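All figures in this text were calculated on a predicted structure; none of them were measured in a lab. We're numbering straight along the sequence, starting at 1.
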Amino acid sequence: MQISIAPLIYIMIFVAVVVLVEGLYLTVFGKSISLNNRISRRLTLLEKNGNREQVLEQLRKEMNQHLNSKNIPLYSMLAKKAQRANIAFSPMQLIGIMAGLSVFAFLGLTVGTSADLGTRALVAVAMGVGGVYVWVNNKAKKRMSLLEEQLPDAVELMVRSLRVGHPFSSAVAIVAREVADPLGSEFGVIADESAYGRDISESLKAFAERMDSQDLRFLAVAVSIQQQSGGNLAEILEGLAKVIRARFKLFRRVRAITAEAKWSGMFLSAFPILALIMITVIQPDYYDEVKETPVFIPAALVVFTFLIINVIFMKIMTNIKV
């Protein structure tokens, strides 16, 4: 029995592309860019640079550069996710990385496979663009998850600061010092903007819209209303912290309840592709008798279409709005 390892080579090259992006990211920006770092990136930059204004300018540029470049052709599909992930690479750098990884994938396919030139070029571009997209998407999901988990504790820390007599701007600065990333650097930028004269409620609103987070919108609205009409901000934020924590627990519960359905959907969606890969590896000539027939390509397109429809409907069925 003849075994073909070509499909495994394709998979290994794609994994190598994703790993290369992460390695390049950590090499350029250092460990402080990692979300599992206990010290926020803002404090690390302040320790190295010492110029608060330059650090603020750099962080603000990183936070807004992707949405400002969403009009670049084909970049709009990546801009929102890159914004949520707060990718420090500029849009042009990301596009350049896609091109470089496409060249890397093409060289790997040239050495490891016998595919024709057109197929190698098409697959290489798909791997370069797809690898960066997968990496950015994973970064965005991880960052948003950490941010939602940190927010109730950060609001409670602000409540304690307000009750001992600190003004709200100082409470935000305390959160920036005590909380790790991603919330630490974000609140640090808000505190710095407030120190340079920007209204703190405007900074919170901009942060909420950039992250597209309902909980952050609640916080921005609560601060804005308190500034306009007065009231005990500590009590307002204490109630808000309870609401955010309750919403977080509810989301986790819904996620646990729908986990089985989501994994079933993922399995049913991935199984045909995995079966095709295994058949191609174990018996490369399995489709030789039918692939030259006139109905092979139309049938393959129909199957691929049904597979896409299956993925869409599985996602709709397991995406429960709370």
Side-chain angles (χ1 to χ4, degrees), residues 1-18 20-21 70 72-81 94-95 97-138 140-141 258-320:
M1 180 177 64
Q2 183 181 3
I3 297 179
S4 173
I5 62 171
L8 300 179
I9 293 176
Y10 283 96
I11 295 173
M12 291 171 62
I13 292 175
F14 182 75
V15 173
V17 165
V18 178
L20 275 175
V21 182
K70 63 182 179 181
I72 297 177
L74 300 179
Y75 190 76
S76 57
M77 64 178 183
L78 191 66
K80 190 172 182 179
K81 293 183 181 296
L94 271 182
I95 294 174
I97 290 171
M98 289 180 186
L101 292 175
S102 298
V103 174
F104 169 80
F106 180 80
L107 294 176
L109 293 172
T110 301
V111 174
T113 66
S114 58
D116 59 87
L117 179 62
T119 302
R120 278 180 284 147
L122 184 62
V123 173
V125 172
M127 285 186 175
V129 176
V132 173
Y133 181 85
V134 169
W135 175 74
V136 171
N137 187 50
N138 290 336
K141 286 183 177 180
T258 59
E260 181 180 359
K262 286 183 178 180
W263 280 102
S264 298
M266 290 172 59
F267 174 78
L268 292 174
S269 301
F271 179 77
I273 299 175
L274 295 177
L276 177 63
I277 293 174
M278 290 302 298
I279 291 173
T280 306
V281 171
I282 296 173
Q283 195 171 350
D285 58 349
Y286 184 79
Y287 295 104
D288 286 352
E289 295 181 2
V290 296
K291 69 181 182 180
E292 301 298 334
T293 61
V295 297
F296 178 76
I297 294 180
L301 292 176
V302 170
V303 171
F304 181 75
T305 302
F306 275 111
L307 181 61
I308 296 298
I309 294 173
N310 168 73
V311 173
I312 294 173
F313 271 88
M314 286 292 181
K315 188 172 183 61
I316 293 173
M317 291 172 62
T318 57
N319 186 20
I320 298 177

Please list, chain by chain and in numerical order, all residues satisfying salt bridge (Lys or Arg N to Asp or Glu O under 4.0 Å) with Lys141, sequence neighbours excluded.
none
Once rounded to the nearest 0.5 Å, what's the spacing between atom [atom1] of [X] and atom [atom2] of [Y]?
{"X": "Met278", "Y": "Leu8", "atom1": "CE", "atom2": "CG", "result": "8.0 Å"}
{"X": "Ile309", "Y": "Ile312", "atom1": "CD1", "atom2": "CD1", "result": "7.0 Å"}
{"X": "Asn138", "Y": "Tyr133", "atom1": "CG", "atom2": "OH", "result": "10.5 Å"}

Would you list the atom pairs, donor with acceptor, under 3.5 Å between side chains in residues 263-270 and any protein atom, with sequence neighbours excluded?
| residue | atom | partner | partner atom | Å |
| --- | --- | --- | --- | --- |
| Ser264 | OG | Glu260 | O | 2.8 |
| Ser269 | OG | Gly265 | O | 2.8 |
| Ser269 | OG | Asn310 | ND2 | 3.0 |

Less than 3.5 Å apart, which donor and acceptor atoms pair up between the side chains of residues 290-303 and the rest of the protein, not counting sequence neighbours?
| residue | atom | partner | partner atom | Å |
| --- | --- | --- | --- | --- |
| Lys291 | NZ | Asp288 | OD1 | 3.3 |
| Thr293 | OG1 | Val290 | O | 2.5 |

Any idea which heavy atoms bring Met127 and Val17 closest together, and the distance?
O-CG1, 3.7 Å
For the residue pair Phe14 and Gly130, what are the closest heavy atoms and their distance?
CE1-C, 3.9 Å
Residue pair Thr113, Arg120: steps toward the side chain to side chain donor-acceptor pair (under 3.5 Å) verdict
CA-CA 9 Å; Thr113 66; Arg120 278 180 284 147; 5.3 Å; no
Student check: side-chain heavy atoms of Ile11 and Ile277 closer than 4.5 Å
yes
Identify all side-chain donor-acceptor contacts of residues 101-109 below 3.5 Å with residues at least two apart in sequence or on another chain.
| residue | atom | partner | partner atom | Å |
| --- | --- | --- | --- | --- |
| Ser102 | OG | Met98 | O | 2.8 |

So, using side-chain hydrogen bond (donor to acceptor under 3.5 Å, both in side chains) as the criterion, who are the partners of Tyr75 when residues are at least two apart?
His66
With ring pair (Phe, Tyr, Trp, His ring centres under 6.0 Å) as the rule and sequence neighbours excluded, what pairs involving residues 272-294 come up?
none
